[in-house]
Number of protein chains: 2
Amino acid sequence: MDENKQKRLKAAGWKVGSASEFLGLTPEEAEYVELKLALGSYLRDVRLNRRWTQAQLAERLGSSQSRVAKMESADSSVSLDLLVKALLAAGASTKDVGRVIAAV
Amino acid sequence: MDENKQKRLKAAGWKVGSASEFLGLTPEEAEYVELKLALGSYLRDVRLNRRWTQAQLAERLGSSQSRVAKMESADSSVSLDLLVKALLAAGASTKDVGRVIAAV
DNA sequence: CTATTGTATGTCGCATCTGACATATTGCCA
DNA sequence: TGGCAATATGTCAGATGCGACATACAATAG
C-alpha cells in the first residue's frame, strides 16, 4: 500500500487494513484531512526553523509534548482550531496559514 | 463604541461593556477571532450566492438553522473545524478558504 | 394588524477534544 | 553496547463543541 495513503487514513482515524479502508471518505472529508496534514507538517517546519523541540513549543502553547506530536502528525484527535492556534502562537501569520491551506 | 469592535468582542465570547473589554486579547487571539469572522461572513456570501436559506444550508450540512446562524456570526461556540467543514460542504474550495484566511 | 418566512439567541444532553501523564520508540554519540 | 534526548503512542478526566429544540426578533406581504 502507498505510504501516503496510509498516513492519510491514519490521520482520518482509520486503522490501516480495516474494512472501511477505501470507504466512506467523501471528497470534502478527504480535503479536510489533507488540510490538517498540510498544517501539521507546516507546524513542524515552523518549529524546526526556530530550532525548538516539541517540548519547548508545547511550553509556549501551554500544552504538552505529546499533543504537539499529535498536531504535527495531524492525529484525528487534533482539531483545526488547535492547529491554527498553535501556528499563530508559534509565530506564523494568517497569510502563511492561508497560503498553506490554499496550496492543498 | 466602534461597531466592528463590538462584533469582535462578541465573537470572542465577551459581553460588550464588561470589565475585560480591552483586556486579555493577545495579538494571536485577536487574529484567531478575525479569522473566524472572515470565514463566517464568507460562508454567508457563499450561501447567499446559492440563494439558500440558513435552514437549507443546515440540511445539506446535517446541522441546524441555529448553528448556521452561529457559524455566520462566528459565535464563540463555533469552531474553526465546523466553519471550514461547512465551507467545503457548501462548495467552496480549499483555495477559496485559503485566500480568505490569507486576507485577514 | 397579523401571518409567514428568515434569522438570531439561549439552553441542554451527548460527543469530541484537551492537557497531562505514563510509557514506548527512535536516533545519536561515546 | 548503553545511555540519553527527542519524538511517538495510548489513556483518562475535565473542558469545550455539537445538533436539536424553543423561542425571540425582523422583514415583507396581504
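The basis for the numbers below is simple: all heavy atoms, side chains too, and nothing from hydrogens, waters or symmetry mates. Labels below follow one simple rule: chain letters A, B, ... track the order of the sequence lines, proteins then strands, and each chain is numbered from 1.
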Trainee: Can you identify which nucleotide, out of dA8(C), dG19(D), dG19(C), has its nearest atom closest to the L82(B) side chain?
Mentor: dG19(D)
Trainee: Within the 4.0 Å heavy-atom criterion, would you say S73(A) contacts the bases, only the backbone, or no part of the nucleic acid?
Mentor: nothing
Trainee: I'd like to check L57(B) versus L43(B) (side-chain heavy atoms, cut-off strictly below 4.5 Å). Are they in contact?
Mentor: yes
Trainee: Just to be sure I understand the rule, does S77(A) reach a base, reach only the sugar-phosphate, or reach nothing, if contact means heavy atoms closer than 4.0 Å?
Mentor: base
Trainee: Quickly work out the L80(A) CG to dG17(D) C1' distance and round it to whole Å.
Mentor: 14 Å
Trainee: How close or far is atom C1' of dT7(D) from atom CG of D75(A), stated in whole angstroms?
Mentor: 14 Å
Trainee: Please give, in whole Å, the distance from dC12(D) P to R67(A) CZ?
Mentor: 15 Å
Trainee: Say whether, by atom type as modelled, one donor and one acceptor occur between the side chain of D81(B) and the main chain of L80(A) under 3.5 angstrom.
Mentor: yes
Trainee: In this structure, would Y42(A) and V33(A) fall into the same cluster of hydrophobic residues linked by side-chain contacts under 4.5 Å?
Mentor: no
Trainee: Need to verify one output field. Residue with the more 5' nearest nucleotide on DNA chain C, A55(B) or L61(A)?
Mentor: A55(B)
Trainee: Measuring from atom CE of M71(A) to atom CD of Q54(A), what distance do you get when rounded to the nearest 0.5 angstrom?
Mentor: 9.5 Å
Trainee: dT18(C) C1' sits how many Å from K85(A) NZ, rounded?
Mentor: 10 Å
Trainee: In whole angstrom, give the distance that lies between atom CG of L57(A) and atom P of dA8(D).
Mentor: 12 Å
Trainee: Could you state the CZ-P distance from R44(A) to dA8(D), rounded to the nearest angstrom?
Mentor: 5 Å
Trainee: Measure from the side-chain heavy atoms of S63(A) and tell me the nearest of dT18(C), dG19(C), dG19(D).
Mentor: dG19(C)
Trainee: Looking at E59(A), I'd like to know if its CD atom is crowded, meaning that more than 12 non-hydrogen atoms belonging to other residues, nucleotides or ligands lie closer than 6.0 Å.
Mentor: no
Trainee: With DNA chain D as reference, determine whether L83(B) or S66(B) sits nearer its 5' end, using the nearest nucleotide of each.
Mentor: L83(B)
Trainee: Counting any heavy atom closer than 4.0 Å, what does S64(B) reach on the DNA or RNA strands: base, sugar-phosphate only, or nothing?
Mentor: base
Trainee: So what does V68(A) hit on the nucleic acid, given a heavy-atom distance under 4.0 Å: a base, only sugar-phosphate, or nothing?
Mentor: nothing
Trainee: Tell me whether the OP1 or OP2 atom of dA8(D) has a side-chain N or O from Q54(A) closer than 4.0 Å.
Mentor: yes
Trainee: Strictly below 4.0 Å: does T53(B) bring a side-chain N or O up to OP1 or OP2 of dG6(C)?
Mentor: no
Trainee: Whole angstrom is fine here: how far is it from CD in E59(A) over to C1' in dG19(C)?
Mentor: 14 Å
Trainee: Quick one: is dC18(D) close enough that its OP1 or OP2 comes under 4.0 Å of any side-chain N or O from S79(B)?
Mentor: yes
Trainee: Between R47(B) and dT7(C), is there a contact of a side-chain N or O with OP1 or OP2 at under 4.0 Å?
Mentor: yes
Trainee: In whole Å, I'd like the distance from the NZ atom of K70(B) to the P atom of dT11(C).
Mentor: 10 Å
